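Take a look at the structure set out below.
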2 protein chains.
Amino acid sequence: MTTPAYQQIKNYVLAAIHAGEWREGDLVPSENELVKRFHVARMTVNRAIRELAAEGVLTRSQGAGTFVAATKYQSTLIEIKSIADEIRARGHVHSAEVLKLQAVKADAALAAEMGVATGGRLFHSLILHHENGVPIQLEDRWVNPALASDYLSQDFTVSTPNEYLTRVAPLSRVEYRIEASRPDRTARAKLAMIRDEPCLVLHRRTFSASQVASMAKLYHPAGRYQFSGYF
Amino acid sequence: MTTPAYQQIKNYVLAAIHAGEWREGDLVPSENELVKRFHVARMTVNRAIRELAAEGVLTRSQGAGTFVAATKYQSTLIEIKSIADEIRARGHVHSAEVLKLQAVKADAALAAEMGVATGGRLFHSLILHHENGVPIQLEDRWVNPALASDYLSQDFTVSTPNEYLTRVAPLSRVEYRIEASRPDRTARAKLAMIRDEPCLVLHRRTFSASQVASMAKLYHPAGRYQFSGYF
DNA sequence: CCGACATATTTGTATAGACAAGCAAGTGAA
DNA sequence: TTCACTTGCTTGTCTATACAAATATGTCGG
């Protein structure tokens, strides 16, 4: 099986950049130059270079030429999947325990964060997630009833609030915050945390159609859970 | 200014999906069908559909057809920028204090993580980063001398190890892990942490040309630092 | 020296055609 | 019925050409 010509050109360019032969900001050979070098049609070169530009490897400027793109802003991208998916991906068993699932009146602070009136109705759930029977995440969540009216009648031992909410209220914006904190008494007890063990907390606020759909605090015992990955 | 034909086709497809007209898994009209509908050449349709497939909107199968892709994996992407950039972006003053900068012999555990021989030479630096004079990050870093031979002669009060390393050893792979932990005595003292305050730690291991280039542990006081963002 | 203009280069888009390769459904034989 | 084969549709790749649009450069006149 032969690799397509456009892919060979992409590989050639990537190799030259990776080897340091062409550095950031350098002018890359023009399409016509590569046409001569590889003995292919210009459209083939165009596809290769255009795809590399779309992938962020190169930048192009009509009339000027193609350049090696500035190395991606020195940053680490971290992907956080839903806890149930993550546990299943590890081949382990996910189970959930619904500790609370009720309507509450919003106090001032909560109302402000959720974008509702003080004293307004909110749904509140507290769910403990287990991995192979071991508690791994305590999910403390408030939901805007306007966007998920039948939240209270869901069975969250079967599908997670996350899955339900993304189905009924497609999210348009997400705010998140990761912090380390000391757990409150409930969290420490439910998560069976040892003395003085800190907590890794993910705050997540999701918007649907420019309203706050849901706000969640996800507590994890430091010893049993980290966010990790690679790229 | 007219929008290109291929872009119009992309918009048409995206609109149909967004409107719920075509749902997840549905068969999308074939290229020849779209050629008739838009009165363009097949290559033009091909480009539009191929780009949407590359973007993850559609999936294609030679011989079978083109389908609406499964909805994006429910996940949160978190971007972590370098501490100096982040502080400067807030309009604050970043300053660094070099606490250690020396060559050390690798013990077994360190050697394994860095991919060198036990007892081999490694560079070690310990740098305290301040935001407006307040300690905000303790950077504990090991560096492979083979990839950054003049690491010890750098002035890290001027540019960060991060900046130096990405310049001399273009990174090919990154592994990361975020965890909450209790700080050791040095970290607690240097970061001026209050009693029992937990630590938010980012572990980061970078590879260059399939060798480990550097490994860092970045300690942050929980009360003064969180990873946050939105999308 | 400097600005206006012409010119060459480069990328951006589009066409019409061609052949290959993979899949699915229909067809026919055992 | 079941299996093998054919046929048609679909995507995957590539070509050669064409014109448009943006940029850079050189030239010439003032």
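No hydrogens, no waters, no symmetry mates; every other heavy atom, side chains included, goes into these values. Below, read A as the first sequence line, B as the second, and so on, with proteins coming before strands; counting in each chain starts at 1. Here the structure is a predicted model, which means the values were calculated and not measured.
- For the pair Phe67(B) CZ and dT10(D) C1', the computed distance is 10 Å after rounding to whole Å.
- Taking the six-membered ring for Trp and thresholds of 30 and 60 degrees, Phe123(B) and Tyr151(B) have nearly parallel ring planes, at less than 30 degrees apart.
- As a whole-Å value, the separation of Gln62(A) CD from dT10(C) P is 13 Å.
- Straight-line distance from the CD1 atom of Ile49(A) to the P atom of dT13(C): 15 Å, rounded to whole Å.
- Partner Ile9(A) forms a side chain to side chain contact (heavy atoms under 4.5 Å, CB included) with one of Leu52(A), Val35(A), Val45(A), Asn46(A) and no other, that one being Val45(A).
- We find that CZ of Phe38(B) is positioned 17 Å from P of dT13(C), with the value rounded to whole Å.
- Contacts of residues 26-35 of chain A with DNA chain C (heavy atom under 4.0 Å): Ser30(A), Glu31(A).
- Computed from coordinates, the Leu52(A) CG to dG12(C) C1' distance equals 17 Å when rounded to whole Å.
- Using a 4.0 Å cut-off between charged side-chain N and carboxylate O, Glu179(B) and Arg224(A) make no salt bridge.
- Whole-Å rounding puts the Glu51(B) CD to dG12(C) P distance at 12 Å.
- Tyr6(A) has a side-chain polar atom (N or O) that falls below the 4.0 Å cut-off from OP1 or OP2 of dT13(D).
- OP1 and OP2 of dT13(C) both lie 4.0 Å or more from every side-chain N or O belonging to Thr44(B).
- Ion pairing of Glu51(B) with Arg50(A) is present here, as a side-chain N (NZ or NE/NH1/NH2) and a carboxylate O approach within less than 4.0 Å.
- More than 12 heavy atoms of other residues, nucleotides or ligands sit less than 6.0 Å from atom NZ of Lys10(A).
- Side-chain N or O atoms of Ser149(B) include none that pairs as donor or acceptor with a backbone N or O of Ala146(B) at under 3.5 Å.
- Positionally, the nearest nucleotide of DNA chain C for Thr66(A) lies more toward the 5' end than for the other of Thr66(A) and Ala41(B).
- Donor-acceptor pairing under 3.5 Å, judged by distance alone, is present between the side chain of Arg42(A) and the base of dG12(C).
- Residue Arg60(A) places no side-chain N or O under 4.0 Å from the OP1 or OP2 atom of dT10(C).
- Of the side-chain N and O atoms in Ser61(A), none sit less than 4.0 angstrom from OP1 or OP2 of dT10(C).
- At the heavy-atom level, Arg50(B) lies nowhere under 4.0 Å from the strands shown.
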TODO: Could you give me the CA-CA distance, side-chain angles and deciding distance for Glu131(B) and His94(B), then say whether side-chain hydrogen bond (donor to acceptor under 3.5 Å, both in side chains) is met?
DONE: CA-CA 5 Å; Glu131(B) 175 168 6; His94(B) 166 260; over 6 Å; no

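- Comparing Ala64(A) and Gln7(A), the nucleotide of DNA chain D nearest to each residue sits closer to the 5' end for Gln7(A).
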